[in-house]
Amino acid sequence: MKTLIQSQRDFFNSNQTKSIDFRIAQLLKLRKLLQANEQILNEAIYADFQKSAFDTYTNELSILYAEIDESVRKIKNWASRKRVTTNLVNLPAKSYIVPEPLGVCLIIGAWNYPYQLSFGPAIAAIAAGNTVVLKPSELPIRTSQVMAKMINENFDPAFFKVVEGSIPETNALLAERFDKIFFTGSVAVGKIVYQAAAKYLTPVTLELGGKSPAIITDAANLKLHVKRIIWAKFINAGQTCIAPDYILLPKSLEQEFLTLAKAEIAQEHFAVANDNYVQIINTKNVQRLANLLDPAKVYCGGGFNEQTRVFEPTIMQQVSFDDKIMQEEIFGPILPVITYENLDEAISEIKKREKPLSCYVFTSSTTLKNKIINELSFGSGAINECIMQITNSNMPFGGVGESGIGAYHGEFGFKTFSHFKSMLEK
Ligand code: NAD
């Protein structure tokens with residue numbers, strides 16, 4: 001690790017990554033490699049947790065292509081000096097802000113969207129002119145191997161290197177000095193990373209998780225809204241950081257919601273016999289999810305198989321905030337439904353808990369929409385939609401409080417991996 005990081009530091013100090021042409025060339029090279037290896041990438045992720053080529057394209061690779069294309073198009077502008085007004089006391093003079101790369105960056109990825117969550121931050125780091133050590137999650141082992149082979153055979157390790165491994169390798173990396181650490185994963189490990197970074201005052205971005213509520217306030221467009229909620233919850237078998245974790249709705253809508261949701265789940269797309277129904281990442285997580293179930297409250301689904309790691313889309317009804325399922329992020333295909341008598345009560349329950357990564361509001365009322373946006377703190381959200389906010393790179397993606405520190409995507413990613421140097425010139 002020491003030799004690798006020193007070689008990256010030497011490469012960074014050679015100033016080669018400062019060249020915009022160099023950055024663009026590396027980004028285009030990565031794009032070409034991803035495209036050329038699409039089939040291998042698809043096979044690896046299917047072997048790891050049965051994720052289809054369609055899902056891999058729509059929610060991993062296409063997002064990476066879009067990030068690369070936008071960076072290549074806008075990088076000159078992002079990286080340029082920005083002239084600002086000079087204050088009276090300094091006149092005559094000029095003032096400008098100079099974006100500069102931070103240096104050697106460590107990126108630690110999560111397993112649930114292994115390509116997107118590993119290469120997405122790497123694209124931002126490269127666009128900003130840094131060198132990258134990437135440690136993908138070891139759980140989907142084949143995707144980790146494919147990423148390592150693809151990058152390590154084609155990039156100079158002094159510029160971009162994939163280091164495979166689990167806890168010991170990650171700890172060995174964290175013991176070293178980096179200029180930036182970007183971590184995606186659980187709150188518990190986020191705290192370990194933050195502590196390790198403190199030793200050298202290394203800036204960190206932590207993309208973490210939490211329990212993201214979906215709040216329904218009225219019956220308007222309920223069928224369409226249920227369709228969106230069910231898709232967002234059960235895509236990737238619920239293993240999505242910004243998936244709606246649980247539903248909050250007025251008691252009067254409970255039965256209608258349950259009936260519509262069950263009908264939506266009955267579609268072919270969510271059939272567990274379907275070859276493209278995503279598996280739970282490992283047996284340990286199947287057991288963890290099974291342990292969260294309360295059989296008396298299962299409205300539909302509830303079946304699972306430890307051998308095949310298939311877990312049925314499951315809805316739980318009459319759930320209360322005290323139930324086991326409400327004590328941790330579910331991160332799997334179980335959707336608890338909680339009813340409320342009045343919205344203020346529901347809002348105050350959410351406020352008692354950690355700030356969620358996302359919050360979704362399904363409403364026809366402008367007043368209630370604004371009330372929830374104003375009163376609740378969360379990373380990002382959507383009105384009458386779920387999870388799609390992540391696809392708009394004109395908005396920062398990240399958490400707040402326990403759901404994370406910092407953000408990325410588009411120019412926000414560039415900024416996350418940059419320092420902005422203020423210059424006064426007399
Ligand atoms: P995780 O925290 O278990 O693992 C993430 C990374 O940390 C992996 O690369 C792993 O090798 C490493 N790691 C694990 N234990 C470690 C330890 N003790 N010391 C050092 N390194 C260690 O998370 P996960 O299971 O891969 O992902 C699930 C979590 O990630 C969920 O909470 C989810 O909400 C969150 N997540 C967040 C985002 C986001 O963008 N905010 C995206 C995906 C997942």
Side-chain angles (χ1 to χ4, degrees), residues 1 48-49 59-60 63 67 106-122 124 133-141 143-144 147-148 162-176 181-197 204-212 232-233 235-246 280-282 284-286 288-289 327-332 354-359 378-381 387 389-391 393 395-409 412-413 416:
M1 304 299 183
D48 278 334
F49 57 115
N59 53 56
E60 306 240 16
I63 291 174
E67 278 283 325
L106 172 63
I107 294 169
I108 303 174
W111 61 263
N112 55 327
Y113 290 83
Y115 301 136
Q116 191 205 135
L117 300 175
S118 301
F119 289 138
V133 175
L134 168 62
K135 209 298 287 176
S137 170
E138 72 285 10
L139 295 187
I141 186 66
T143 63
S144 170
M147 285 190 274
V162 174
V163 174
E164 288 191 272
S166 57
I167 298 175
E169 291 80 3
T170 315
N171 283 338
L173 283 167
L174 287 172
E176 299 301 323
I181 300 177
F182 187 107
F183 171 81
T184 306
S186 60
V187 173
V189 181
K191 289 177 182 173
I192 295 174
V193 170
Y194 207 9
Q195 263 173 356
V204 293
T205 297
L206 302 176
E207 297 283 343
L208 311 175
K211 284 185 90 61
S212 302
K233 175 71 189 188
I235 187 175
N236 219 35
Q239 301 165 116
T240 303
C241 57
I242 52 170
D245 188 273
Y246 62 100
I280 303 304
I281 189 66
N282 54 22
K284 193 174 138 204
N285 270 290
V286 177
R288 179 185 64 80
L289 289 165
Q327 307 314 313
E328 63 178 77
E329 180 184 2
I330 299 169
F331 216 58
E354 296 298 342
K355 294 178 180 179
L357 184 56
S358 296
C359 177
F378 48 87
S380 70
I387 80 176
Q389 76 275 14
I390 196 177
T391 63
S393 65
M395 307 197 284
F397 176 73
V400 58
E402 256 212 10
S403 56
I405 297 174
Y408 70 132
H409 287 182
F412 300 97
T416 281

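This structure is a prediction, so every number in the text was calculated from the model and none was measured. Counting starts at 1 for both ligands and their atoms, in listed order.
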- Task: Report the member of Ile167, Leu117, Leu139 with the shortest heavy-atom distance to atom 17 (C) of ligand 1.
- Result: Ile167
- May I ask you to list the atoms of ligand 1 that are less than 4.0 angstrom from any heavy atom of Glu138? 10 (C), 11 (O)
- Query: Checking Glu329 side chain against Gly209 main chain: does a donor-acceptor pair fall under 3.5 Å?
  - Reply: no
- Query: Considering only protein heavy atoms, which is closest to atom 2 (O) of ligand 1, and at what distance to one decimal place?
  - Reply: Ser186 OG, 2.6 Å
- Note on the structure: Taking only non-hydrogen atoms of Thr184 and a 4.0 Å limit, the atoms of ligand 1 in range are 5 (C), 37 (C), 38 (C), 39 (C), 40 (O), 42 (C), 43 (C)
- Without swapping roles, check the side chain of Glu354 against the backbone of Gly210 for a donor-acceptor pair under 3.5 Å. no
- Message: I need the atoms of ligand 1 closer than 4.0 Å to a non-hydrogen atom of Lys135, numbered in the order shown.
- Response: 8 (C), 9 (O), 10 (C), 11 (O)
- Item | Worked check of side-chain contact (heavy atoms from CB on, under 4.5 Å) between Glu328 and Arg288 | CA-CA 11 Å; Glu328 63 178 77; Arg288 179 185 64 80; 3.0 Å; yes
- Item | Any side-chain heavy-atom pair of Thr240 and Tyr113 under 4.5 Å | yes
- Query: In the protein, what heavy atom is nearest to atom 42 (C) of ligand 1, and what distance, to one decimal place, separates them?
  - Reply: Cys241 SG, 3.1 Å
- Message: Counting only nitrogen or oxygen atoms and a 3.5 angstrom limit, does Ala110 reach ligand 1?
- Response: no
- Query: Quick one: are Leu357 and Leu208 in side-chain contact, heavy atoms under 4.5 Å?
  - Reply: no
- Tell me which protein heavy atom sits closest to atom 35 (C) of ligand 1, plus the residue, atom name and distance to 0.1 Å. Gly185 O, 3.2 Å
- of all protein heavy atoms, closest to atom 8 (C) of ligand 1 is Gly109 O, 3.3 Å
- Query: Would you say atom 4 (O) of ligand 1 touches the protein, meaning some protein heavy atom is under 4.0 Å from it?
  - Reply: no
- Task: Return the option from Val189, Leu134, Val187, Asn171 holding the heavy atom at the smallest distance from atom 14 (C) of ligand 1.
- Result: Val189
- Message: Less than 4.0 Å is my threshold; does some heavy atom of Ser137 fall inside it relative to ligand 1?
- Response: yes
- Could you tell me whether Ile108 approaches ligand 1 through its side chain, its backbone, both or neither, with non-hydrogen atoms closer than 4.0 Å? side chain
- Message: Taking Ser403's backbone N and O only, do any of them form a donor-acceptor pair with Lys355's side chain (distance below 3.5 Å, no angle check)?
- Response: no
- Got the closest protein heavy atom to atom 21 (N) of ligand 1, with its distance? Thr170 CG2, 3.3 Å
- Residue and atom name of the nearest protein heavy atom (relative to atom 34 (O) of ligand 1), distance in Å to one decimal: Glu329 OE2, 2.6 Å
- Item | Any donor-acceptor pair under 3.5 Å from Gln239 side chain to Ile281 backbone | yes
- Note on the structure: If we number the atoms of ligand 1 from 1 as shown, the ones under 4.0 Å from a heavy atom of Leu357 are 41 (N)
- Query: Which of the atoms of ligand 1 are close to Leu208, meaning less than 4.0 Å from one of its heavy atoms?
  - Reply: 37 (C), 38 (C), 39 (C), 41 (N)
- Gly209: numbered ligand 1 atoms lying under 4.0 Å from its heavy atoms: 34 (O)
- Does OH belonging to Tyr194 count more than 12 external heavy atoms closer than 6.0 Å? no
- Item | Minimum non-hydrogen distance to atom 40 (O) of ligand 1, winning option of Phe331, Phe397, Tyr113, Phe183 | Phe397
- Query: Quick one: which ligand 1 atoms are inside 4.0 Å of a heavy atom on Glu207?
  - Reply: 37 (C), 38 (C), 39 (C), 40 (O), 41 (N)
- If hydrogens are left out, which of Asn112, Ile242, Thr240 has an atom nearest to atom 44 (C) of ligand 1, that is, the closest non-hydrogen atom? Asn112
- Note on the structure: Under 4.0 Å from one or more heavy atoms of Ile192, ligand 1 contributes atoms 18 (N)
- Item | Shortest protein contact, atom 26 (O) of ligand 1 (heavy atom only) | Trp111 CD1, 2.8 Å
- Query: Hey, are Glu402 and Lys191 close enough for a salt bridge, meaning a charged N less than 4.0 Å from a carboxylate O?
  - Reply: yes
- Task: Could you tell me whether a side-chain N or O of Thr416 sits under 3.5 Å from a main-chain N or O of Ala407, the two making a donor and an acceptor?
- Result: yes
- Query: Sub-3.5 Å donor-acceptor pair from the side chain of Asn236 to the main-chain atoms of Asn112, do we have one?
  - Reply: yes
- Message: Could you check whether any side-chain N or O of Lys233 sits under 3.5 Å from a backbone N or O of Pro244, counting only pairs where one atom can act as donor and the other as acceptor?
- Response: yes
- Message: Over 60° means perpendicular and under 30° means parallel, so tell me whether Phe397 and His409 are parallel, tilted or perpendicular.
- Response: parallel
- Message: Apply side-chain contact (heavy atoms from CB on, under 4.5 Å) to residues Glu67 and Phe119 and explain how you reach the verdict.
- Response: CA-CA 10 Å; Glu67 278 283 325; Phe119 289 138; over 6 Å; no
